[in-house]
Amino acid sequence: MPVVPHRHRSISTKMGDGSVFVLDNGAFYAKLGLSDEKEPKTILNCITKAKSERRRPFIGNQIEECRDVSGLFYILSFQRGYLVNWDVQKTVWDYFFGPDCYPVQFSETPLLVTEPLFNFGSIQEAMLEILYEEYDCDAVCKATAVDLASFNYTHGNETSERKKPLCCVVVETGFSFTHVVPFIKGTKVKDAIRRIDVGGKVLTNHLKEIISYRQLNVMDESHVINQVKEDSCFVSQNFAEDMRVARKRFPDNTIVRDYMLPDYTQIRRGYLRKPNEQSSTADGSEELQTLRLGNERFVIPEILFHPSDVGVQQMGIPEAIVDAINACPEETRPHLFANIVVCGGCALFSGMQSRVEKDVRAMAPDEYEVNVMVPKNPITYAWHGGKQYSQSLSFLKSCMSRSQYEEYGAKHLVEKYES
């Protein structure tokens, strides 16, 4: 973690109760909560608007109050993985830190907030200015989600069951990008970081295109198709065999499923069923629209392993892991292969852990052990790392105090922080 030397007596005094507000500010979901809580709140980090209620914008989880989310569209603060729309972000943060969500007083509570890897200096300065000026923060610590995930892996509760690793590779498959980041003794190996321009957004958009071409025009239904992706997709362990099965007719085709679309009267979220199962609404009528899903179920997550399928001429996740490890010192490679952790929303696909491990094992030297870990909840894994980090001495050293901001300014703090 980067260290900014400063007088942190006032910060440590304010942390007497051990409470720090941890905000993992993701491009699609924000994970937020106080460090003394067991689990964070996971909230949409955007403003949404619905065709059915055009006058009212829905901020964060207010979307649950919308009666009909068909034709929903997102107004995102992040574009291509970077925070660029500050008006939207300020509106969402007002909701996060307001009475309806977390009425936190930052003049008394330090803030740990995440930012993207290789974030632009101008964006970092703007964020600090807003946090200090608009929210009256007294102490701010910036970190990346991969830093916090690495800290969780090496210092978290799971390490009590095994020897504390000195090296690890964090694979973060988020909304905009997938990053592969090796860590050696808690420090990122910057020259070995690999980025794949594929994330959850690309997968959802491609699924929309396939369904719109084959069955039903769903190009305006990002919210619903995102749920279809989450509920029905899985990572294939043998792509050629699954394609062969998907060509068969039911019941020999064990992959095909019908997805019952929500009607927002009886059903608010769709669900999967086998093609021969009967499904009806509460009044007994068969009125639900269905999508027939065949090879789409595993072709969509396959993009993470073969980005060229959607025209992105880059390596897939297993190749990027091996390439990143090979860019590290040779003596660290056995430890890196043995400590690979996959987190982020796309890690929720069933079969992700075994597929990544199998593919990396095929490319790694025979004498090296390969171990891939996917946490129980990969979305909140970095937040839990932030929770652990906020209780460490390193957190105090890397905090930027309000007095520093007033004395030096945001630009100087960013330059110091990066050095």
Pair [X], [Y]: side-chain N/O donor-acceptor within cut-off below 3.5 Å:
X	Y	result
Asn339	Tyr153	yes
Lys208	Ser222	yes
Asn226	Glu230	yes
Asp94	Tyr135	yes
Thr42	Lys31	no

Minimum heavy-atom distance [X]-[Y], with the two atoms named:
X	Y	answer
Asp263	Gln266	OD1-N, 3.0 Å
Arg268	Cys66	NH2-O, 2.9 Å
Cys141	Tyr389	SG-CE2, 4.0 Å
Thr290	Gln215	O-OE1, 4.5 Å

Looking at [X] and [Y], would you say the former's side chain and the latter's main chain have a donor-acceptor pair under 3.5 Å?
X	Y	result
Thr114	Asn25	yes
Thr109	Phe106	no
Asn217	Met219	yes
Thr204	Lys201	no
Trp383	Val22	yes
Arg195	Val180	no
Thr144	Asp147	yes
Asn152	Tyr381	yes
Thr178	Val198	yes
Ser212	Val218	yes

- Message: Could you check whether atom NZ of Lys90 has more than 12 heavy atoms from other residues, nucleotides or ligands sitting under 6.0 Å from it?
- Response: yes
Would one find more than 12 heavy atoms of other residues, nucleotides or ligands at under 6.0 Å from atom CG of Asp252?
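Yes, enclosed.
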To the nearest 0.5 Å, atom CD1 of Ile255 lies from atom CD of Glu241 at 8.5 Å
Could you pull out all donor-acceptor pairs under 3.5 Å where a side-chain atom in residues 117-126 meets a protein atom, sequence neighbours excluded?
from   : atom 1 : to     : atom 2 : distance (Å)
Asn119 : ND2    : Glu115 : OE1    : 3.1
Gln124 : OE1    : Lys142 : NZ     : 2.7
Gln124 : NE2    : Asn119 : O      : 3.1

Checklist line | Pairs flagged by side-chain hydrogen bond (donor to acceptor under 3.5 Å, both in side chains) wherever residues 312-321 is involved - sequence neighbours left out | finding: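 Listed once each, the pairs are Asp197-Gln314.
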Between Pro318 and the options Met363, Arg361, Glu357, the side chain to side chain contact (heavy atoms under 4.5 Å, CB included) test singles out Met363
Q | Worked verdict on Phe58 versus Glu64 for side chain to side chain contact (heavy atoms under 4.5 Å, CB included) | A | CA-CA 9 Å; Phe58 297 92; Glu64 294 172 3; over 6 Å; no
Does the ring center of [X] lie less than 6.0 Å from the ring center of [Y]?
X	Y	result
Phe234	Phe349	no
Tyr74	Phe28	yes
Phe21	Phe97	yes

- prompt: Does Arg67 make a cation-pi contact with Tyr264, if we ask for NZ or CZ under 6.0 Å from the ring centre and within 45° of the axis?
  reply: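 Checked: cation-pi criterion not met.
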Establish, yes or no, whether the cationic atom of Lys41 lies under 6.0 Å from the six-membered ring centre of Tyr102 and within 45° of the ring axis.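 Ring-cation test returns yes.
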Sequence neighbours excluded, the answer for side-chain contact (heavy atoms from CB on, under 4.5 Å) partners of Ala145 is Asp24, Glu172, Ala382
Are side-chain heavy atoms of [X] and [Y] found at a separation under 4.5 Å?
X	Y	result
Arg292	Phe250	no
Val170	Cys343	yes
Ile63	Val69	yes
Phe175	Cys346	no
Phe73	Asp220	no

Handout entry: Trace of the side chain to side chain contact (heavy atoms under 4.5 Å, CB included) decision for Ile43 with Val92
Key = CA-CA 10 Å; Ile43 303 176; Val92 176; over 6 Å; no
Inset, instruction - Give the intermediate values and the outcome of side-chain hydrogen bond (donor to acceptor under 3.5 Å, both in side chains) for residues Asp136 and Gln105. - result: CA-CA 8 Å; Asp136 196 27; Gln105 294 295 323; over 6 Å; no
Please walk me through it: do Glu37 and Lys387 pass side chain to side chain contact (heavy atoms under 4.5 Å, CB included)? CA-CA 9 Å; Glu37 295 178 329; Lys387 174 182 173 178; over 6 Å; no
Between Asp242 and Arg297, does a salt bridge (Lys or Arg N to Asp or Glu O under 4.0 Å) hold up when you go through it step by step? CA-CA 10 Å; Asp242 284 344; Arg297 295 186 63 203; over 6 Å; no
The test is side chain to side chain contact (heavy atoms under 4.5 Å, CB included); show your working for Glu296 and Leu207 and say whether it passes. CA-CA 7 Å; Glu296 298 95 337; Leu207 183 57; 4.1 Å; yes
task: Begin with the C-alpha distance, continue with both residues' side-chain angles, and end with the deciding distance and a verdict on side-chain hydrogen bond (donor to acceptor under 3.5 Å, both in side chains) for Gln227 and Tyr259.
output: CA-CA 10 Å; Gln227 293 179 340; Tyr259 191 86; 4.8 Å; no
Check your understanding: Taking 4.0 angstrom as the limit, do Arg402 and Asp138 come out as a salt bridge?
Key ->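 No.
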